Trainee: 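Below you will find the structure I want to go over with you.
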Amino acid sequence: MDISNCKHLRFFGLHLNSLACKCVALVVIALVLRAIFLPSFSSLGGIGNNNLFAVNNNPSTLNQELRIEKTQFLEVPQIIWGLNNQKIAFARACLTARMLNRTLLMPSLSASLFYKEIDLLQPISFDKVFQFENFNSLCKGFVQLGRYSEVSNQSDVFELRKGSGRRWTVKRDLDQLRQFRNNLYDGYEIIRIVGKNPFLWHDHWPVKDYARVFECLVLVEEISREADKIVSKIREIGSKEIRKIEPFQNVIDPVPYVAVHMRIEKDWMIHCKKLEQRSNISEICSSKEEIMERVGNIVGLKTPAVIYLAVADALLEDNSILTGWKEGLLPFEKKKLGVVEIYKKHQYLIQSAIDYEVCLRSDVFVGNSFSTFSSLLVLDRTQKMIKMGARNLCGMEAKWPSYSYNLRGESKGPHPWMTNMSNLNLQAISYGSNHVSC
C-alpha cells in the first residue's frame, strides 16, 4: 500500500494523516508478529492464541493449574530385612504411591540383615541393586520412581503417620490412604509416610499388581554378571560329570539344572516348627532326607541331572547334604562349585540377589511353599510363562516347572507348583499350603 495515500483512509470514522497512518501500520505489524511468534500461555491462564489479551487474575486457579504440572512424590521409611521381604516392601510402597497418584521417591534398601539392631543396618541405594531407568521404562504407565534431585522444595512435606496395633485394621488403613487422595493434599510436593517399614503395612493389592512391579526389577549389570558366572559354572561342571557317567552319550548343551532351595538350617527349623504348632499344619518343615527323596521322585525328570543346592552358608561345612541322593542326581553347592569367593566379596543383600537369580534361571525349581524366597521365585517363573503365552504351567511339560518339596505329590515326589495370579492379596501365596495351585 502506498503510505502517501493513507491520508485518504478513514479509521473509526476519522481521517488520518500520514504520521498517524504509519503508527497504525506499525501497531498492526506488531500484533501480527505477536500472534505468530509468541508461545501460547493459555494453559497457565495467560495469553492464548484465541484470546490475545485474556489474563487470568485468579491466583487460586493459577496455583491449582501449576500444581497439575508439578510431579508429586511419596517418601517411605528405609526398607529392611531379607531380600524378598525388601522386594515385597518396595512393591507395596510402589502400589501405595500409585493409589495416591504420586511418584515414589527412590527408597533406601538394606545391605545387611539385622532384625532388631536397626542402628547396625547398612543402607544401600536402590539403583545399586536394580536398574533405575529400566524400572521406569518397564513400569511406565503403572508406577514410577523419582530421585530426590527432582524435588523442587524438599521442605514442602506432609507427614502421614501409619497406625499400628490390633485396632489398626485393614479397613482403617485403606480409609486413611483414600483420605490422602483428597485434593486437600495436592498442595504438598511430598507426602512422607512415617512409622513401620512397608513390609509391615496392610496389603490392599492383588497378586497380579505385585507381579507387575516385580517384573520391572532388573538387576544391575554387575550383579547379573556374577549370576552368569555361577550358572556357567553349574553347567560346565555338570557337563563334565555327566560325561564321566555316560561317556558315549550326547550331552545337551547347555546342560539343564535343577535348583533346590534347601531350608534345613537351624533357625529355619525352629521357625517352621513353631509355625506348624501355631497353624496346626504338619506340612511346613522338611528334613534333609525327605527333600532328597522327593526331588529324586520328580515325575518325568531325566537323569543324570545336575542339582544346584541353594543353602545357607552355615550348611556349606556340612558335607552330608551332598550324600544320600538318588542315583543319577549330581548335587553341587557353592563350595563344591568353587564359587564361594564370588559371593564373599559382596554384602548380604547382593549375595541373596545372586542366588535368587541363579535359582530363577534354573530349568526346574524345587522349594518350600512357606518360604518367601521360594514363593516369590515361583511367582516370577509363573509370570514369565504367562507373558510368553504358555499353556502348560505345571509339571515337567511346563517351560519352567516348579515344585514344593514340603507337599507330597505324585509317586512320592514333590507337589507341582504355580502361582494363582487371581488371588486378591500377596498373603494368599505366602505362609500357606493351600496356595499351590497345580
Side-chain angles (χ1 to χ4, degrees), residues 60 63-65 67-81 84-109 118 126 139 141-146 148 151 153-214 216 279 372 375-376 379 419-432 434-435:
S60 62
N63 288 338
Q64 184 179 9
E65 290 170 340
R67 282 199 298 271
I68 293 172
E69 304 253 337
K70 186 169 67 173
T71 303
Q72 295 173 314
F73 300 95
L74 179 73
E75 182 180 0
V76 301
Q78 181 181 351
I79 293 174
I80 61 174
W81 297 343
N84 293 289
N85 289 339
Q86 292 191 51
K87 287 171 67 175
I88 291 171
F90 171 77
R92 197 160 287 162
C94 284
L95 295 172
T96 301
R98 172 179 164 81
M99 184 177 183
L100 299 179
N101 196 28
R102 288 176 174 264
T103 295
L104 179 66
L105 282 170
M106 185 172 66
S108 174
L109 305 178
I118 301 299
F126 172 89
C139 266
F142 188 67
V143 295
Q144 288 289 278
L145 279 179
Y148 279 87
V151 179
N153 182 5
Q154 294 196 19
S155 63
D156 186 11
V157 178
F158 186 93
E159 288 197 346
L160 185 164
R161 183 166 292 278
K162 280 277 188 182
S164 59
R166 292 183 179 180
R167 293 185 178 180
W168 190 255
T169 62
V170 174
K171 183 181 182 304
R172 288 185 67 181
D173 189 75
L174 187 58
D175 288 344
Q176 183 190 53
L177 292 178
R178 285 172 175 162
Q179 176 189 346
F180 278 83
R181 295 174 65 179
N182 193 298
N183 293 338
L184 293 173
Y185 301 98
D186 286 351
Y188 295 97
E189 189 170 3
I190 299 174
I191 289 180
R192 176 184 296 145
I193 297 182
V194 295
K196 53 192 177 183
N197 91 81
F199 181 76
L200 298 175
W201 295 354
H202 283 300
D203 186 3
H204 307 295
W205 297 277
V207 169
K208 63 181 180 63
D209 284 358
Y210 281 96
R212 180 76 178 85
V213 175
F214 292 147
C216 300
S279 58
T372 306
S375 294
L376 290 197
L379 186 154
T419 300
N420 183 354
M421 291 295 181
S422 65
N423 279 318
L424 298 180
N425 57 65
L426 197 64
Q427 190 167 359
I429 70 163
S430 304
Y431 298 108
N434 59 349
H435 64 271

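Atom set for the values below is all heavy atoms of this structure, side chains included, hydrogens, waters and symmetry mates excluded. For clarity, every value in this text was computed on a predicted model and none was experimentally measured.
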Trainee: Taking all non-hydrogen atoms of both residues into account, name the closest pair between Phe73 and Gly146 and its distance.
Mentor: CE2-CA, 4.3 Å

Trainee: Side-chain contact test, heavy atoms from C-beta onward, threshold under 4.5 Å: evaluate it for Trp205 versus Val213 and give yes or no.
Mentor: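 No, side chains not in contact.
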
Trainee: Should the SG-SG distance of Cys139 and Cys94 be recorded as below 2.5 Å?
Mentor: no

Trainee: Answer whether the closest heavy-atom distance between the side chains of Trp81 and Leu200 falls below 4.5 Å.
Mentor: yes

Trainee: Do Leu177 and Lys162 pass the side chain to side chain contact (heavy atoms under 4.5 Å, CB included) test, and can you show the C-alpha distance, the side-chain angles, and the key distance before you say yes or no?
Mentor: CA-CA 10 Å; Leu177 292 178; Lys162 280 277 188 182; 4.0 Å; yes

Trainee: Working note: Asn153 + Tyr188, criterion side chain to side chain contact (heavy atoms under 4.5 Å, CB included); need CA distance, chi angles, decisive distance, verdict.
Mentor: CA-CA 10 Å; Asn153 182 5; Tyr188 295 97; over 6 Å; no

Trainee: Answer whether the closest heavy-atom distance between the side chains of Phe142 and Leu95 falls below 4.5 Å.
Mentor: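 In contact.
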
Trainee: Are side-chain heavy atoms of Arg172 and His202 found at a separation under 4.5 Å?
Mentor: no

Trainee: Heavy atoms, side chains only, cut-off 4.5 Å: are Leu174 and Arg178 in contact?
Mentor: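 Contact flag for Leu174/Arg178 side chains = yes.
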
Trainee: Quick check: closest heavy atoms across Thr419 and Ser375, and the distance to 0.1 Å?
Mentor: OG1-O, 4.4 Å

Trainee: Is Leu424 atom CG crowded by more than 12 heavy atoms from other residues, nucleotides or ligands, each under 6.0 Å away?
Mentor: no

Trainee: Roughly how far apart are Ile190 CD1 and Gln72 CD, rounded to 0.5 Å?
Mentor: 11.0 Å

Trainee: When rounded to the nearest 0.5 angstrom, what distance separates CD in Gln179 from CG in Asp175?
Mentor: 9.0 Å

Trainee: Between Glu189 and Asp156, is there a donor-acceptor pair closer than 3.5 Å when you use the side chain of the first and the backbone of the second?
Mentor: no

Trainee: Report the distance from atom CG of Leu74 to atom CG of Leu105, rounding to the nearest 0.5 Å.
Mentor: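 So the gap between those two atoms works out to 7.5 Å.
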
Trainee: Taking all heavy atoms of Pro77 and all of Lys196, pick out the closest pair and write down the distance.
Mentor: CG-O, 3.9 Å

Trainee: What is the distance from atom NZ of Lys87 to atom CG of Leu376, rounded to the nearest 0.5 Å?
Mentor: 6.0 Å

Trainee: Would you say that Val207 contacts Asn420 through its side chain, given a criterion of any heavy-atom pair below 4.5 Å between the two side chains?
Mentor: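 Not in contact.
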
Trainee: Work out which heavy atom in Ala91 is nearest to a heavy atom in Phe214; give both atom names and the distance.
Mentor: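 Scanning both residues completely, I find the closest heavy atoms to be CB-CE2, 3.8 Å.
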
Trainee: Using a distance-only test with no angle check, is there a side-chain donor-acceptor pair under 3.5 angstrom linking Tyr148 and Glu75?
Mentor: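 Indeed, the side chains of Tyr148 and Glu75 share at least one donor-acceptor pair under 3.5 Å.
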
Trainee: Set out, in order, the CA-CA distance, both residues' side-chain angles and the distance that settles side chain to side chain contact (heavy atoms under 4.5 Å, CB included) for Leu426 and Leu379, then state yes or no.
Mentor: CA-CA 10 Å; Leu426 197 64; Leu379 186 154; 4.1 Å; yes

Trainee: Between Arg92 (side chain) and Asp203 (backbone), is there a donor-acceptor pair under 3.5 Å?
Mentor: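 Not a single qualifying donor-acceptor pair exists.
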
Trainee: When rounded to the nearest 0.5 angstrom, what is the spacing between CD1 in Ile80 and CG in Asn197?
Mentor: 4.5 Å

Trainee: What I'd like to find out is whether the side chain of Gln176 reaches to under 4.5 Å of the side chain of Leu160, using heavy atoms alone.
Mentor: yes

Trainee: Within a strict 4.5 Å, meaning less than it, do heavy atoms of the Leu104 and Phe90 side chains meet?
Mentor: yes

Trainee: Within this structure, what is the CG-CH2 distance for the pair Asp173 and Trp168, rounded to the nearest 0.5 Å?
Mentor: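 These two atoms lie 6.0 Å from each other.
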
